[in-house]
There are 2 protein chains.
Amino acid sequence: MEPKRSKEASGGSGRPRGRVFAFPPSPQRGVALYLQVADQLRGRIDSGELAPGDQLPPEVELADGFGVSRHTVRQALRHLRDRGYLASRQGKGSTVRDRKRGLQVNPVIGSINDLVQFASETVLKPVSVVEEPAGAEVAELLDLEPERSRVVRINGLRCERDGAVFGYTKVYVPVELAKGLRAETIHSVPIYAQVERNSGIEVAGVEQRISAGGADEELVEHLGLEPHEPVLKISRLYYATGGAPVEFAESFHPPSAFEYVIHLRKGF
Amino acid sequence: MEPKRSKEASGGSGRPRGRVFAFPPSPQRGVALYLQVADQLRGRIDSGELAPGDQLPPEVELADGFGVSRHTVRQALRHLRDRGYLASRQGKGSTVRDRKRGLQVNPVIGSINDLVQFASETVLKPVSVVEEPAGAEVAELLDLEPERSRVVRINGLRCERDGAVFGYTKVYVPVELAKGLRAETIHSVPIYAQVERNSGIEVAGVEQRISAGGADEELVEHLGLEPHEPVLKISRLYYATGGAPVEFAESFHPPSAFEYVIHLRKGF
DNA sequence: TAGTGGTCTAGACCACGGC
DNA sequence: CCGTGGTCTAGACCACTAC
């Protein structure tokens, strides 16, 4: 017994005790233990120390190595499994999965939170920000008058936090809703979130259409592709509670750098 | 202590002891306790006894009512949360979600049932059915031994009921699971459904990866595309309850003929 | 038979939300 | 301050896989 530890963080933080898989410098306080464990493992995966196909040590061994209980290790593994990093099979073990950069729509529900999560893990590096008349297609989608209505268009590179580019995005926002858009925060704060905050309009949903296309000059230039090279095209229409469109975005991704993963499970 | 229970099922099954939320008739043996708890709760939700917006009893109370530990209750709640039935907030409690609206309805494909629906509305016109050794990639995905294991491969055209072709599909099934596959029914009965029926294995989920690629000779021939023309590529890995892969399928669609639409709505 | 993940219990402290 | 979900420990048995 005696689960006492006189803790300070959520549920307590760890004290190094194990060996091989222990926390290197010092466990962060204030962060859930299982997240620290998951981060450690994810780091080993991202760094290539654990390659796709590799088998993880048994849970009990991990628990011992990290100096945590097996339950905590399992929580960490579940976290990584949910995010596509691992696969586990009873009686066999857990193995590292091949995970391209991509949007994971998880368990069954693709909630908008997945999108938020995804956006917060990536960076939009603006290439151009212009105000212009809405073209026919954009006007149609945003419920504006073609040519007469004006939109703010933001083109930029989709990057990982480490700078790796995995896509090119064009975002269209009606000028009226783009008032408070700050160029300085575009790279880190999702545009739809800024629009939400500035306009008071709440984004209630997103309609995504996934298709394929060939690279045009713009993509060739910014993504270093060959002309007409196949790219994954994802267009998103954000709309407010009443159904009014708020923002339209098109993203283009080289298939080698991005994959859209959807998990469907048999419902009840 | 004394966690002994001399059980027969996985981790033991429950014995009615609680009151309000106890198991009515008799808990099924052989089914995980947390699934039985989840089923009970889901029943109350589906029947309307627990309506959207309603708050669930606290976890400790549920645990007491069902006569299980809080951990088991939490596992059940997580199960339901993952499936869009519930939302939980620290300090507040768990509430029933409006699953109709809260879940992204996907006009094309959204849950596994939509996939069934989709498959039943379309036709697979077989071009070739062959038995062959599993290649490296397919063996990896289906958890088979490369070259030694054999698979049945079915290539065919995806058509609307009216005959319009909108894609090309390659399906791989381990020979052991393909025994009862009848060529005559391939066009109308989804292959995974036939595998299910013949093998007794139940498909529990599907992992879909959406990407883009260029048309190869096979696609040029059967879909009438230009070489290297961009196509939408969707790979599906069907797996059974334990996670064992059952079937792998690759579909290729010209962007002009097929679009993947996903609708996300703001949950809590 | 041994190893590994899956399930379960009993009990405890912490953080958040509202009173 | 209290109630509720979130996290964590320690220990145990079961089921599936492979040897």
Side-chain angles (χ1 to χ4, degrees), chain A residues 1-15 17-18 27-38 55-64 66-81 86-95, chain B residues 1-15 17-18 27-38 55-64 66-81 86-95 143 145 201 204 240-244 268:
Chain A
M1 303 319 93
E2 196 261 343
K4 218 45 341 352
R5 287 229 311 276
S6 62
K7 249 3 50 37
E8 69 295 314
S10 93
S13 53
R15 68 276 113 143
R17 136 155 56 106
Q28 319 161 40
R29 48 187 61 204
V31 177
L33 247 188
Y34 78 93
L35 287 177
Q36 299 182 44
V37 172
Q55 181 141 18
L56 257 66
E59 295 178 351
V60 281
E61 198 172 311
L62 287 172
D64 188 52
F66 280 112
V68 301
S69 76
R70 187 179 161 219
H71 173 74
T72 300
V73 165
R74 283 181 60 74
Q75 208 170 351
L77 295 183
R78 178 169 57 237
H79 186 78
L80 293 173
R81 237 185 342 258
L86 301 177
S88 301
R89 292 281 295 280
Q90 190 175 45
K92 300 182 74 170
S94 296
T95 53
Chain B
M1 298 317 91
E2 196 262 343
K4 218 43 344 352
R5 288 232 309 278
S6 63
K7 254 350 62 34
E8 68 296 314
S10 93
S13 53
R15 68 275 111 141
R17 135 156 56 105
Q28 320 160 39
R29 48 187 63 203
V31 176
L33 247 188
Y34 79 92
L35 287 177
Q36 300 182 44
V37 172
Q55 181 142 18
L56 258 66
E59 295 177 351
V60 280
E61 197 173 311
L62 287 172
D64 188 54
F66 281 112
V68 302
S69 75
R70 187 178 162 219
H71 173 76
T72 300
V73 165
R74 283 182 59 75
Q75 207 169 351
L77 295 184
R78 178 170 56 237
H79 187 78
L80 293 172
R81 239 186 339 260
L86 300 177
S88 302
R89 292 280 294 279
Q90 190 176 40
K92 299 184 71 171
S94 295
T95 53
D143 207 7
E145 290 182 52
I201 296 175
T241 310
F268 288 93

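In what follows, chains carry the letters A, B, and so on, assigned in the order in which the sequence lines appear, proteins first and then strands, with residues in each chain numbered from 1.
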What is the separation between atom CD on A:E59 and atom C1' on C:dG6, rounded to the nearest whole Å?
8 Å
Rounded to the Å, how far apart are A:K92 NZ and D:dA18 C1'?
9 Å
Separation of atom CG in B:L77 from atom P in C:dC8, rounded to whole Å:
13 Å
Has A:T72 got a side-chain N or O lying under 4.0 Å from the OP1 or OP2 atom of D:dT9?
yes
Proximity to the side chain of B:S88 - top-ranked nucleotide from C:dT9, D:dG6, D:dC8
D:dG6
Quickly work out the B:H79 NE2 to C:dT7 P distance and round it to whole Å.
10 Å
Output the distance between atom OG1 (B:T95) and atom CG (B:L86), rounded to the nearest 0.5 Å.
7.5 Å
Quick one: A:L80 CG to C:dG5 C1', roughly how many Å, whole number?
16 Å
For a quick check, tell me whether the side chain of A:R70 and the base of C:dG6 share a donor-acceptor pair closer than 3.5 Å.
yes
Here the gap from A:R78 atom CZ to B:R78 atom CZ, rounded to the nearest 0.5 Å, amounts to 3.5 Å
Within this structure, what is the CZ-to-P distance between B:R74 and C:dG11, rounded to whole angstrom?
18 Å
What I want to check is whether an N or O donor and acceptor connect the side chain of A:R89 with the base of C:dG6 at under 3.5 Å.
no
DNA chain D nearest-nucleotide lookup for B:D143 and B:Q55: closer to the 5′ end is B:Q55
B:H71 NE2 - C:dG6 P separation (whole Å):
12 Å
Nearest-Å distance for atom pair CD/C1', residues A:Q75 and C:dC14:
14 Å
From the candidates C:dG5, C:dA15, D:dC8, the one with an atom nearest any side-chain atom of A:Q90 is C:dG5
Interatomic distance, B:R70 atom CZ to B:L62 atom CG [nearest 0.5 angstrom]:
10.5 Å
Is there a donor-acceptor pair closer than 3.5 Å between any side-chain N or O of B:Q55 and the backbone N or O of B:K92?
yes
For B:E59 and B:V73, indicate whether the former's side chain and the latter's backbone hold a donor-acceptor pair under 3.5 Å.
no
Side chain of B:S69 only, please: which of C:dT9, C:dT4, D:dT9 is the nearest?
C:dT9
